[in-house]
Every structure is written in C-alpha cells, then in structure tokens.
Amino acid sequence: MKIHEYQAKAIMAKYGIAVPKGGVASTPAEARQIAESLGGRAVVKAQVHAGGRGKAGGVKVVSSAQEAEQVAARLLGSNLVTHQTGPEGVPVRKVLVEETAAIAKELYLSLTVDAASRGAVVIASEAGGMEIEEVAARSPEKIMRLAPHPVLGLYAFQARKVAYALNLKPELVRPAGDLLMNLQRLFVENDCSLVEINPLVITQDNRLVALDGKINFDDDADFRHKEWEQLRDPEQEDPLERQAATFGVNYVRLDGDVGCLVNGAGLAMATMDMVGEVGARPANFLDVGGGADDEKIKQAFGIILGDPRVKKVLVNVFGGILRCDAVARGVIAACKETGKNPQIIVRLLGTNADEGRKILRESGLKVDLVDTLHEAAAKLR
Ligand code: GDP
Ligand code: MN
C-alpha cells in the first residue's frame with residue numbers, strides 16, 4: 001500500500017527526521033493561505049502515488065502566495081502523467097505547500113526489502129535527486145547497499161559507515177547516522193516495504209532535511225495496522241487492482257496484452273514466464289486461489305476482460321479443490337456479462353477437466369482448448 005508524500009513526512013517527523021514546514025491544501029485558496037503563512041516563497045507539490053513528479057511539472061517553486069494559488073489551481077483537478085504512471089496519469093486532489101530549502105547537496109537514502117538476502121537493505125548515495133535511476137544504471141559504484149542485522153536491526157557503526165560513504169563533512173556524520181537509525185526504526189515498526197528520502201538534502205546552513213518522502217506498507221501486515229485505513233487513497237490505486245482486492249483475488253496489473261487466469265501463485269508465475277519466453281507479454285498476474293467457485297472465477301475473468309489492453313487470454317488451471325467445470329462456467333458468465341470474447345486459450349487439467357472442456361466447447365464462445373503448455377505457447381506466438 002502506498003501513501004502520499006505529506007503523510008509519509010508526518011510519520012518521518014514523528015521519528016525525529018527534519019522535514020520542511022508546510023501544509024496540505026485541497027483548494028487554491030488554501031494553498032495561498034499556507035504560502036502566506038510561510039512568507040510567500042514556497043514550493044507547491046502535487047500529491048500523487050507516483051514518483052517522477054519533478055520532471056513532469058508536479059513540483060514548482062513559487063515566489064509569492066498569489067503564484068502558489070495559481071500553480072495550485074493548475075495542478076488541482078488535473079491528471080499528472082509521470083514516467084511511473086500509465087498514459088492516463090493519476091488525479092491530483094491535494095498539493096503540499098512547503099517552505100523552500102536552500103540546497104547545498106542532494107543525497108539519496110532508502111530502506112527496502114531485499115528478496116535475495118531475505119532481509120532489509122539500506123540503499124544510500126551521495127548522488128541523490130531526480131537522476132537517481134540514471135546514476136544506478138550508469139555509475140552503480142556510487143550507490144551503497146548495506147544489510148541491517150535481521151534480528152538486531154541496524155548497528156550504530158553500520159549507520160556511521162553509511163554516513164561516511166556519503167562523503168559528509170565530519171560534523172554531519174553523527175546526525176546522518178542518527179537519522180538513518182530513526183529511519184530504520186520507522187521501517188520496522190510500521191511494517192514498511194519501502195521508505196525513501198530522495199532527495200535528502202544538506203542545506204546551505206548545514207542541516208539534513210527530508211525534502212521528499214515516500215513510504216510503502218507491506219499489505220500482508222495490514223491486520224495489525226488499523227491506522228492504515230485512514231491513510232489509504234483509493235483514487236490513486238489502479239481501479240482493476242482495487243476491484244480484485246475486494247473480491248479476494250491476487251491480481252497485479254502489468255503492461256502486456258495477454259491476460260492470464262491461473263490457480264496458484266507458483267503456476268501463475270510459471271505461466272507468465274512461459275508467456276514471456278515465446279515473446280508475448282502478460283497483461284497481469286492473477287491467482288484465483290484454491291477453492292474458487294463459479295462466481296469468483298466470473299469476477300476474476302471480468303477483471304481481465306476489463307483491461308482494454310488485453311488481446312488474448314490464457315487460462316491455465318490445474319483443478320484440485322478448484323473444479324474445472326466451475327472455471328468453465330465462470331469464464332462463460334464473464335464473457336456474457338461484459339459482452340467481450342477475445343481469443344481465449346484454455347488448458348484445463350485435474351478435477352472435472354472433461355466436463356469443463358465440454359461446457360466450453362458447447363458455449364458458442366471462441367475458445368481454443370489445448371492440452372499442454374507447449375500448445376498454449378504456440379497460440380501466443
Ligand atoms: P519527485 O520528482 O516526485 O521525486 O519529487 P521531489 O519531491 O523529489 O522533487 C523533485 C525535485 O524538486 C527535488 O529533487 C529538488 O531538486 C526540487 N525541490 C523540491 N523541493 C524544493 C525546494 O524546497 N527548493 C528547491 N530549490 N528545490 C526543491
Ligand atoms: Mn523525489
């Protein structure tokens with residue numbers, strides 16, 4: 001789950017991390033008032049669940065409250081398209097209006113989960129700012145990675161090691177170490193999958209300030225974080241993913257055009273690999289789960305058909321508790337309800353597979369029934 005910058009900064013401030021003074025506005029008049037209270041000069045920032053706002057015109061330094069109002073009027077109600085959003089962009093409903101910082105240097109600092117080492121990892125660079133992706137691609141040696149202890153967390157000496165790697169002036173080494181210790185505590189206590197400060201700036205008067213803040217929470221921990229519900233902004237989420245979540249279907253939207261309906265996460269991953277191997281691109285990951293019935297299959301298939309990018313659909317089901325006749329009925333019901341019937345390639349094995357195939361064959365839909373993954377792959381080429 002993602003949250004907005006202004007929410008992330010409020011959490012960071014609670015952990016003793018310095019953030020600029022300011023407030024969040026939903027109307028141009030509010031933006032003007034906040035800028036006035038800051039003395040006129042301010043930075044106005046679109047609040048969306050996507051990075052790359054600076055390059056997309058979503059971050060503007062203004063020199064008067066009137067200008068803050070104008071920029072807010074332009075941003076609020078618009079859709080911001082950044083390199084991290086789809087072509088349709090994401091709606092801007094709030095702007096953050098903050099005091100400007102006199103920047104001496106922009107650093108990068110984050111903590112995330114590293115699947116390979118099965119733990120948290122600190123990522124830091126003295127080359128922070130909007131070009132961090134290019135730095136990572138072209139000069140990886142400028143990016144340092146360090147793993148906190150999985151149980152004991154970050155040691156103070158490790159935090160200082162990161163601070164030294166950032167080439168800080170001696171008087172900033174201790175504050176930077178403290179900041180990182182606080183950030184690591186925030187990361188663990190809030191069950192985050194990512195906390196990122198980019199840029200973490202050194203101001204001209206030699207202070208460390210989080211000029212940007214990003215926090216993602218690990219959805220699997222939502223049962224013990226009642227406070228997340230108030231932080232959620234469904235408007236920023238992909239509508240199909242939101243719909244899938246309400247149906248209890250594991251669905252992740254991707255950017256290809258082959259919709260995939262599979263049971264079991266492992267089989268779903270293998271199916272996506274197979275789609276990729278023949279040169280096609282999956283439109284989604286979708287695991288309907290073990291005991292899905294007709295209704296759940298219909299909902300899951302409806303989500304796939306709801307994606308306008310989908311040109312073909314691959315159904316790959318190994319029936320166990322999930323019965324293949326239920327899959328067949330669910331697929332047919334979704335096609336009827338949506339009035340859509342793209343090319344559907346179906347491989348059904350296991351419980352009631354023959355019955356499922358018969359139902360599909362007699363449905364009048366365009367369906368390619370195949371027996372093996374190889375045959376399915378051939379249809380995708
Ligand atoms: P992002 O592009 O979505 O990551 O948005 P950021 O919050 O990181 O802002 C992008 C860039 O705007 C930063 O890297 C800074 O260079 C610049 N910026 C943001 N706030 C200020 C500010 O208060 N003063 C100045 N001079 N630049 C700022
Ligand atoms: Mn940023």
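All values below were derived from every heavy atom in this structure, side-chain atoms included, with hydrogens, water molecules and symmetry-related copies excluded. Remember, it's 1-based here, ligands and their atoms both numbered in the order they're listed.
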Gap separating the CD atom of Gln7 from the CG atom of Leu96, nearest 0.5 angstrom: 10.5 Å

Gap between atom CE of Met1 and atom CG of Asp191 - 0.5 Å precision: 12.5 Å

Asn284 and Arg253: side chain donor to acceptor below 3.5 Å: no

CZ/Arg174: more than 12 non-hydrogen atoms of other groups inside 6.0 Å: no

Point-to-point distance, once rounded to the nearest 0.5 Å, from CD1 of Ile11 to CD of Glu189: 11.5 Å

Heteroatoms of the protein, restricted to N/O/S, which lie under 2.8 Å from the Mn ion (ligand 2): Asn198 O, Asp212 OD2

side-chain contact (heavy atoms from CB on, under 4.5 Å), paired with Leu322, selected from Asp293, Asn263, Thr351, Asn352: Asn263

Side-chain heavy-atom pair Glu133, His83 within 4.5 angstrom cut-off: yes

May I have a table of the N/O to N/O pairs between ligand 1 and the protein that fall below 3.5 Å, each row giving the two atom names and the distance to 0.1 Å?
{"residue": "ligand 1", "atom": "2 (O)", "partner": "Arg53", "partner atom": "N", "Å": "3.3"}
{"residue": "ligand 1", "atom": "2 (O)", "partner": "Gly54", "partner atom": "N", "Å": "2.8"}
{"residue": "ligand 1", "atom": "3 (O)", "partner": "Gly52", "partner atom": "N", "Å": "3.4"}
{"residue": "ligand 1", "atom": "3 (O)", "partner": "Arg53", "partner atom": "N", "Å": "2.9"}
{"residue": "ligand 1", "atom": "3 (O)", "partner": "Arg53", "partner atom": "NE", "Å": "2.8"}
{"residue": "ligand 1", "atom": "4 (O)", "partner": "Asp212", "partner atom": "OD2", "Å": "3.1"}
{"residue": "ligand 1", "atom": "5 (O)", "partner": "Arg53", "partner atom": "NH2", "Å": "3.2"}
{"residue": "ligand 1", "atom": "7 (O)", "partner": "Lys45", "partner atom": "NZ", "Å": "2.5"}
{"residue": "ligand 1", "atom": "7 (O)", "partner": "Arg53", "partner atom": "NH2", "Å": "3.2"}
{"residue": "ligand 1", "atom": "7 (O)", "partner": "Asp212", "partner atom": "OD2", "Å": "3.4"}
{"residue": "ligand 1", "atom": "8 (O)", "partner": "Asn198", "partner atom": "O", "Å": "3.1"}
{"residue": "ligand 1", "atom": "8 (O)", "partner": "Asp212", "partner atom": "OD2", "Å": "3.1"}
{"residue": "ligand 1", "atom": "14 (O)", "partner": "Glu106", "partner atom": "OE1", "Å": "3.3"}
{"residue": "ligand 1", "atom": "16 (O)", "partner": "Glu106", "partner atom": "OE2", "Å": "2.6"}
{"residue": "ligand 1", "atom": "23 (O)", "partner": "Ala101", "partner atom": "N", "Å": "3.1"}
{"residue": "ligand 1", "atom": "24 (N)", "partner": "Ala101", "partner atom": "O", "Å": "3.4"}

Residue pair Gln343 / Asp368, side-chain donor-acceptor N/O under 3.5 Å: yes

Basic-acidic side-chain contact under 4.0 Å: Arg53, Glu5: yes

